[in-house]
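All residue numbers refer to positions in the sequence shown, counting from 1.
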Amino acid sequence: MNDESLTPENTPPAQASEPTPSKPHIMVTRASMMWVATATGLLVFVLLITFILQNQESVTLHYFGLNGTVSVGVGLFIGAVGGGIIVAIAGTARIIQLRTRARRTQPKL
C-alpha cells in the first residue's frame, strides 16, 4: 500500500453499525432486598445448625470463675455471638463519634 490509498477519496464509506441492544432495566425494590436477605439468613442458620449438630463433644468452659460444660458447637457459637456484640459496640461508638464531629463542623443557619 502506498500513501495515496489512505486519502479520503480512496477510503471506503464507514459502515453503519447497528445500535447495540440495551440491557433490560431490572428494578431493585426493598421487598426484593428483603427476600434475598431472608433467604441468605435461612441458609446461614441451616449451616449453623448443621455445625452445632456435628460438634456434640462436651467441653468445660471457664470464664471469670464460672464453670460449665457445653458442646463444642454451642461453645463456639457463644464465642461468635460475643465477638459480634463487641464489634457492634465498637461500630456504634464510631458512628456516634462521626455524627458528633459532623454536627460540630456543619455550618449553622
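You'll find the side chain of Phe51 reaches within 4.5 Å of the side chain of Asn55, heavy atoms only. Side-chain atoms of Ile52 and Val74, non-hydrogen and from C-beta on, do get closer than 4.5 Å to each other. Side-chain atoms of Asn67 and Leu61, non-hydrogen and from C-beta on, never get closer than 4.5 Å to each other.
No single ILVMFWY cluster, assembled from side-chain heavy atoms under 4.5 Å apart, contains both Val81 and Ile86. Cluster membership for Ile85 and Phe77, using ILVMFWY side-chain heavy atoms within less than 4.5 angstrom, is shared. Transitive grouping of hydrophobic side chains (ILVMFWY, heavy atoms separated by less than 4.5 Å) keeps Val87 and Ile95 in distinct clusters.
Remark: the backbone N or O of Val36 is paired with a side-chain donor or acceptor of Thr40 at under 3.5 angstrom.
Here Gln97 pairs with Arg94, Arg101 under the side chain to side chain contact (heavy atoms under 4.5 Å, CB included) rule; sequence neighbours left out. Legend: residues meeting side chain to side chain contact (heavy atoms under 4.5 Å, CB included) with Leu53, ordered by chain and number and at least two apart, are Ile49, Gln56.
Heavy-atom contacts from other residues, nucleotides or ligands closer than 6.0 Å to CE of Met33 number more than 12.
Rounding to the nearest 0.5 Å gives a distance of 10.5 Å between CG of Leu48 and CG of Leu76.
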